[in-house]
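Chain letters run A, B, ... following the sequence lines, proteins first and then strands; every chain starts at 1.
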Amino acid sequence: MFELRHARSRLRNKIIAWSFIPTAIILFLVALALYFAYQKVAEDLVFKRDEELTRLSASEISSSFEEYIDRLTTLARSPDVFQGTPGDQRLALSRAKNQLLLFDGGVYVLNNLGDVTATLPENPHLLGKNWSDRSFFSSMVRTPGLTITNIEPNGPEGEDVIAIAVPILGIQEEFNGVAVGMFYLNATSLSPFYGTLIKLRIGRSGNAYLVDNNRRIIFSNSPEQIGKQFSEHPLAVEAFTGRVGVLETRDLNGRDILVGYAPVPRTSWTLVVEEDWKDMVQTSQGYLQSLWILLVLGVAIPTIVVTVGVRRITGPITDFIDAAQRISGGDFSHPITVKTGDELEELAHQFNTMAVNLKDLYENLETRVAQRTQELTALNSVAEVVSRSLDLEQILRDGLTKTIEVLDMDAGAVFRIQPDSQDLILVDQQGLSVEMTALVSGITVESSIIAEVLATRRPAARLVKDYPEGPLKAVMERDHLVTVASIPLMAHETVLGAINVTSRSLIWPTSEALAVPASIGQQIGVAMDNARLYNQTVDYAREMEIARHAAEEARAIAEAANAAKSDFLANVSHELRTPLVSIFGFARIVQKRLQERIYPLLPKREARVQRIASQIDDNLEIILDEGQRLMKLINDLLDLEKIEAGKMDWQLQPVAIGDIIYQATSTTAALVEGHGLDYAVHISDDLPLVKADPDRILQVVINLISNAVKFTQQGTINICARKEAAEVQVEVVDQGIGIAPADQAMLFEKFSQVGDTLTAKPQGTGLGLAISKEIIEHHGGRIWLESEPGKGSKFSFALPIYEPETPWDTDHPAEVIADRPMQGDNNDGS
Amino acid sequence: MEAKTSKKILIVEDEAYIRLLIEQTLEELEEQGVEILKADNGEDALRLIQNEGPQLVFLDVMIPKINGFEVCRIVKRELQMENIMIVILTAKGQEYDYQTGQEAGANLYITKPFDPDELLDLATKVFSDDDPNYIK
């Protein structure tokens with residue numbers, strides 16, 4: 001169930017992700033864009049408004065002068081003024097006093113020359129003064145018209161004033177003079193001018209400045225600024241271009257301000273209004289908040305809607321999942337109801353149809369499976385029976401029983417087909433009458449249904465009434481048998497037998513029904529084959545066992561023979577040696593006694609006696625020599641036997657041939673010199689080691705030297721050792737009589753001796769070279785001879801170089817143990 | 001066991017002729033006051049060794065009752081008689097026997113047939129040096 005929930009939430013998440021989030025993002029972006037656009041628009045509006053306000057204010061200021069201008073104009077138009085005498089003018093002035101009082105700087109009339117002709121308040125001291133250089137007059141002279149001045153020292157005493165002047169025109173519009181009214185630059189005074197300005201309430205939040213053309217502040221809502229120079233501000237430049245405009249900037253305190261500027265009509269003044277930016281946008285801030293709220297709502301509401309709405313989609317899907325689970329659990333009884341009127345409903349409909357079909361299939365399948373199970377159980381029980389025994393007869397009997405059971409028949413018989421003669425042999429029957437049994441036991445293949453089975457190698461079935469007329473049919477009908485079926489017992493496509501079953505009811509065995517028995521037939525066939533093979537195997541095994549036994553015995557006999565031979569020889573050697581001890585020993589003692597005690601007593605001058613004594617001595621010497629030779633023969637024989645039987649105890653080690661050769665020469669030195677010969681040894685440097693039994697190799701070298709001595713009358717025996725390819729080669733060269741080619745072949749055989757036996761003493765045992773050959777060949781080497789009669793002989797042997805496999809210390813090869821005390825040292829090296 | 005003053009040699013050999021041969025070989029020493037004792041089986045040999053305390057024993061291997069190696073082992077390993085020189089005589093000359101001799105504690109190993117002179121030289125050396133521990 002956990003997985004289900006996951007599936008659902010995955011889908012929902014997908015829907016949310018794919019439908020909602022992009023929308024939300026877009027909304028958000030749009031809102032953001034709108035916000036900034038709105039900001040911009042608001043700003044622009046603010047700017048515009050500010051500009052307008054400033055302009056209007058400037059206009060208002062200008063308009064506020066109307067009254068002042070009216071009063072001066074009225075004055076200037078009164079006949080007393082424009083065509084009267086100065087006295088008339090003074091009178092006119094005092095009559096209009098009430099109207100003109102608002103000019104706190106006074107009102108003055110000047111004639112066309114610029115002389116002051118009348119003043120209000122009266123100031124006789126000023127009369128006659130010439131003010132033609134004053135700006136309001138000088139400008140008027142050129143172009144008579146309304147003039148509103150900047151802050152100029154136009155006052156009666158030269159004070160800074162603002163002057164409004166109108167021309168006094170005669171009847172013919174000739175310039176007759178100027179009427180000028182003045183305002184002091186003094187905010188603290190109750191000058192109506194300032195009063196008017198204050199009334200205008202310009203610059204609620206910020207500062208406002210009325211600035212003249214010289215950048216002097218005429219009026220400000222910070223009174224201390226009046227008369228001061230308007231600071232050089234970048235905006236100052238911009239503001240005084242005579243245009244209307246708005247600037248966004250910072251004031252001296254760092255506040256964001258909006259500055260509106262507008263020229264005051266009819267003057268050369270400029271109105272500068274500073275507004276706090278924050279105040280300006282205050283209203284828009286309120287809108288901004290609303291905007292944010294809307295945005296949040298715009299994101300939150302869809303979220304909720306989608307989340308809720310999604311359920312409506314994933315809900316049915318959950319139902320699907322549940323239903324699918326039910327169906328997969330085998331419960332087909334609950335159709336899905338989805339009434340969403342959309343594709344889901346369609347899907348639900350299809351789903352239900354599918355469920356119904358599955359249900360049918362399921363039920364169908366169940367039936368089939370039940371059927372098959374039954375068949376297989378039958379097969380299994382046969383297989384079980386079959387595999388349980390290797391007894392062929394048993395297998396066939398059980399097969400018959402099962403087949404009858406499975407096919408629901410009444411009786412049957414099982415036959416074996418003799419492989420060579422193709423005769424049918426009845427093995428067992430069940431449920432057949434005595435006559436029937438007798439008949440089928442003698443049946444032939446051709447007359448039986450089995451013929452068909454043999455041919456087709458498949459089960460066959462027949463009605464009894466279709467049988468050819470004959471004794472078989474008669475008996476079957478008599479026994480009320482109606483149908484017959486035959487199952488082949490096969491292995492490897494060969495029919496080895498058949499099971500025939502028969503029934504009294506009209507059950508026609510269909511090929512489907514026969515399928516199971518056919519399988520049984522196969523099984524049994526294979527079992528028959530296996531049984532046959534098994535029996536064969538058993539026979540083979542038995543024969544093998546016998547053979548093995550015989551081989552064992554033969555080997556034991558051979559071994560026993562070998563052991564007996566070794567024992568025999570060992571015993572013989574002991575028995576042979578024992579008398580030798582006495583022969584040799586006593587001969588020696590006799591010789592000694594004669595030499596020490598008797599000969600000295602013999603008369604030296606008696607030649608005959610001496611001769612006899614000498615002869616006796618020689619004879620004894622012969623006994624001793626022959627005794628030694630016999631001893632050597634026995635030893636050699638034993639050595640040879642040991643080597644041949646593999647009983648020799650080889651002590652293989654890394655050995656330096658050079659050392660062995662030196663040892664051999666020292667051992668045989670006496671022999672060599674005794675024959676009047678000498679020897680020369682040449683051993684090459686850096687001769688590699690060989691792996692050998694040092695004592696045995698010594699034996700070989702001594703043997704070769706001894707032979708050389710035997711066959712050399714004079715000269716030098718040369719012994720060389722050198723490295724040849726992968727071998728160490730040793731040569732013993734003599735300059736003796738040589739050996740005839742005919743004899744050479746036999747030389748390494750046992751008991752062969754060469755030499756003229758008439759003249760030469762038999763020397764040696766005839767076994768030396770045979771033993772040497774065995775020894776060298778056991779080491780993996782070769783021994784050979786080169787000889788020419790009359791020239792001499794060269795006996796050589798070669799041994800493989802020692803390749804170290806183990807980290808033996810090759811700096812210290814095993815030394816030949818020379819002086820071991822446990823050897824019977826005889827002079828010729830045996 | 002016995003006084004070191006009397007010099008004795010023991011011959012252990014079951015072959016009569018060989019016993020005689022060795023005795024004749026050592027005649028010279030007899031003349032010098034060395035007593036020669038004889039035994040023809042291992043049991044008598046052991047008894048004589050313990051009772052008489054010979055300095056030198058010529059010991060054949062193939063003797064009845066207790067064989068030569070065993071006698072040697074008992075004398076050298078069990079009784080731990082150090083001051084006695086045992087020379088093993090045998091017709092066999094195999095490595096195996098040499099080793100057995102070694103293990104039994106034999107001092108020397110001579111194969112038959114031997115040169116009687118060898119035995120005489122050896123015996124002479126033993127009694128002339130007066131060093132019963134004379135080893136090869």
Between OG1 of A:Thr578 and CG of B:Asp60, what distance do you get to the nearest 0.5 Å?
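Result: 8.0 Å between the selected atoms.
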Checking B:Glu15 against chain A: side chain, backbone, both or neither under 4.5 Å from a heavy atom?
side chain
Between B:Leu20 and chain A, which part of the residue has a heavy atom less than 4.5 Å away: side chain, backbone, both or neither?
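For B:Leu20, heavy atoms of backbone and side chain both lie under 4.5 Å from chain A.
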When you look at OH of B:Tyr17, are more than 12 heavy atoms from neighbouring residues, nucleotides or ligands closer to it than 6.0 Å?
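Result for OH/B:Tyr17: open.
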Near B:Lys76 NZ, under 6.0 Å, is it more than 12 heavy atoms from other residues, nucleotides or ligands?
yes
Looking at A:Arg593 and B:Glu27, is any side-chain nitrogen of the basic one under 4.0 Å from a carboxylate oxygen of the acidic one?
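A salt bridge links B:Glu27 with A:Arg593.
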Is any side-chain heavy atom of A:Phe584 less than 4.5 Å from a side-chain heavy atom of B:Lys112?
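No. Closest side-chain heavy atoms not under 4.5 Å.
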The single option from B:Leu21, B:Thr25, B:Asp115 that satisfies side chain to side chain contact (heavy atoms under 4.5 Å, CB included) with A:Arg588 is B:Asp115
Report the C-alpha separation of B:Asp117 and A:Lys592 in whole Å, then their side-chain angles, then the decisive distance to 0.1 Å, and conclude whether the side-chain contact (heavy atoms from CB on, under 4.5 Å) test is met.
CA-CA 9 Å; B:Asp117 293 333; A:Lys592 262 179 73 174; 3.1 Å; yes
